[in-house]
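Contents: one structure, followed by commentary.
Lettering follows sequence order; numbering is per chain, from 1.
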2 protein chains.
Amino acid sequence: MEKEEQLKLENQICFPIYSVSRLITRAYKPYLEKLDLTYPQYLVLLVLWEENSLSVNKIGQKLLLNTNTLSPLIKRMEKNELLTRNRSKDDERTVLVSLTEKGLSLKDKASSIPQDLLNILLNQDVEFSDVILLKKTLDSWIDILAQDSESTTNK
Amino acid sequence: MEKEEQLKLENQICFPIYSVSRLITRAYKPYLEKLDLTYPQYLVLLVLWEENSLSVNKIGQKLLLNTNTLSPLIKRMEKNELLTRNRSKDDERTVLVSLTEKGLSLKDKASSIPQDLLNILLNQDVEFSDVILLKKTLDSWIDILAQDSESTTNK
DNA sequence: TATATTTGCATCGCACACGATATAGTCGTG
DNA sequence: CACGACTATATCGTGTGCGATGCAAATATA
């Protein structure tokens, strides 16, 4: 393909990913608003619902987010009484994040959200197999890109 | 799939899209820094390189961004002398955005970026056909999700 | 033509992302 | 034990995204 052609918006692979990401966050909004959550906050809860009491660092590893994003985010969630923050006794540098009753109780209310969102796509004739394939491709890209960006990140 | 299972991070489709989007922006950074551009600013230039002199509204339609995001972004670009903003004479409400010499000249310097980024993936054994397929799937999702969110947006 | 509605853009406030930097705690080595 | 290197978290500044709102110009409608 010509370089001229490659610069056209319609030929960029980066743009659809960027757009779909934002559109998905937008699609989540009405569901998450009912729980008084933002999308990144929901992601933190997803992680904690699987394993209560994780360090900020561990959460960051799972979500590929650095502490300069997570620290304020988690503090806002603490303010909303979704979780607690406690310095570890083993290592005073480590902050252990644990769910409160309230944070834990949201799990039930959120349990139907993934299916609801999936249905928006399936109702518009998207094949479930396409969703699976897409996820598989993206997961492999994460491995490549996360590894590639490790060196430049203040991890 | 059980609801319990669906709430696991590894089973979310939203998370890989969100992550890959951020990782791609991160991968662009070193290339765009050389041109003193951010990623969204680069997107605006992509649009203007195709068609100089567009209204803020038209740019927003192409990038799926609202004026509350675009207005300050475009003003920053004006400050960096990449473009000019002029009220249309036909319709005083409309602001026409046009490239400056400097903004136009960046096109050449940016021309190899898409291929450079693509190579990061291809060098890690990603098949080009997978890239094409992914783009095709995402493009169809954009149609679905953009339409779906039209009602809630302050367009 | 007067007025109500719509449209295009801008501003404000809040919540991310993230590079750069700071700080305190821990560890490794002499 | 001292001290330099490393680690975990936090803070700051800048630039998005976006809902809510404001405002002026254009358009529709009575």
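- Side chain to side chain, A:Asn119 and A:Gln115 meet the donor-acceptor criterion of an N or O pair below 3.5 Å.
- Side-chain nitrogen and oxygen atoms of A:Ser71 include at least one within less than 4.0 Å of the OP1 or OP2 phosphate oxygen of D:dA10.
- Rounded to an integer number of Å, the gap from A:Glu33 CD to D:dA20 C1' is 12 Å.
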Using atom names, set out every protein N or O paired with an N or O of nucleotides 25-28 of chain C below 3.5 Å, distance rounded to 0.1 Å.
residue, atom, partner, partner atom, Å
C:dG25, N2, A:Arg93, NH1, 2.7
C:dT26, OP1, A:Glu92, N, 3.0

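- Note: the hydrophobic cluster containing B:Leu37 also contains A:Leu9 (ILVMFWY, side chain heavy atoms under 4.5 Å, direct or indirect links).
- Near DNA chain C, meaning a heavy atom under 4.0 Å from it, residues 42-55 of chain A has no residue at all.
- Here B:Gln12 contributes atom CD and A:Leu43 contributes atom CG; the two are 8.0 Å apart, rounded to the nearest 0.5 Å.
- Whole-Å rounding puts the B:Lys29 NZ to D:dT16 P distance at 10 Å.
- Cluster annotation: B:Ile120 and B:Tyr28 are assigned to the same hydrophobic cluster (Ile/Leu/Val/Met/Phe/Trp/Tyr, side-chain heavy-atom contacts under 4.5 Å, transitive).
- The aromatic rings of A:Tyr18 and B:Tyr39 sit perpendicular, their planes meeting at an angle over 60°, well past the 30° parallel limit.
- The distance between atom CG of A:Asn57 and atom P of D:dA10, rounded to the nearest whole Å, is 11 Å.
- Side chain of B:Lys135 to backbone of A:Glu10: a donor-acceptor contact under 3.5 angstrom is found.
- A close approach under 4.0 Å does not occur between any side-chain nitrogen or oxygen of B:Arg87 and OP1 or OP2 of C:dC9.
- Under a hydrophobic clustering in which Ile, Leu, Val, Met, Phe, Trp and Tyr are joined whenever their side-chain heavy atoms come within less than 4.5 Å, directly or via other members, A:Leu138 and A:Leu133 fall into different clusters.
- Counting to the nearest Å, the C1' atom of C:dC14 and the CE atom of A:Met77 are 16 Å from each other.
- Applying the salt bridge (Lys or Arg N to Asp or Glu O under 4.0 Å) rule to A:Glu101 yields no partners; only residues at least two apart in sequence or on another chain are considered.
- Put simply, B:Lys75 has a side-chain N or O that comes within less than 4.0 Å of OP1 or OP2 on C:dT11.
- Straight-line distance from the CD1 atom of B:Ile74 to the P atom of C:dA10: 7 Å, rounded to whole Å.
- Aromatic ring pairs are classed by plane angle as parallel below 30°, tilted from 30° to 60° and perpendicular above 60°; the pair A:Tyr42 and A:Trp49 is perpendicular.
- Looking at A:Asp130 and A:Leu121, their side chains never come closer than 4.5 Å, going by heavy atoms from C-beta outward.
- Across the protein-nucleic acid pair, B:Leu70 atom CG and C:dG8 atom C1' stand 12 Å apart, rounded to whole Å.
- Here the side chain of B:Thr100 pairs a donor or acceptor atom with the backbone of B:Glu81 at under 3.5 angstrom.
- In this structure, the side chain of B:Ser140 engages the main chain of B:Thr137 through a donor-acceptor pair within 3.5 Å.
- Taking five base pairs at each end of the helix from C:dT1-D:dA30 to C:dG30-D:dC1 and finding the rotation axis that steps the C1' atoms of four pairs onto the next four gives two axes whose angle is 10°, to the nearest 10°.
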Strictly under 3.5 Å: I want the nitrogen or oxygen pairs between protein and nucleotides 15-17 of chain C, one per line.
residue, atom, partner, partner atom, Å
C:dC16, OP1, A:Thr38, OG1, 2.7
C:dC16, OP2, A:Gln41, NE2, 2.9
C:dC16, OP2, A:Arg76, NE, 2.7
C:dC16, OP2, A:Arg76, NH2, 3.2
C:dC16, O5', A:Arg76, NH2, 2.6
C:dA17, OP2, B:Tyr18, OH, 2.6

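- Summarising the geometry, the separation between CG on B:Asp36 and P on D:dT14 is reported as 14 Å, rounded to the nearest angstrom.
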Could you tabulate the donor-acceptor pairs under 3.5 Å formed by side-chain atoms of residues 82-90 of chain B, not counting sequence neighbours?
residue, atom, partner, partner atom, Å
B:Arg85, NE, B:Glu78, OE1, 3.2
B:Arg87, NH1, B:Glu92, O, 3.2
B:Arg87, NH1, B:Arg93, O, 2.9
B:Ser88, OG, B:Asp90, N, 3.1
B:Ser88, OG, B:Asp91, N, 3.3

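- Hydrophobic clustering (side-chain heavy atoms under 4.5 Å, transitive across Ile, Leu, Val, Met, Phe, Trp, Tyr) groups A:Ile13 together with B:Leu145.
- Close to C:dC18, at under 4.0 Å from its OP1 or OP2, lies no side-chain N or O of A:Asn66.
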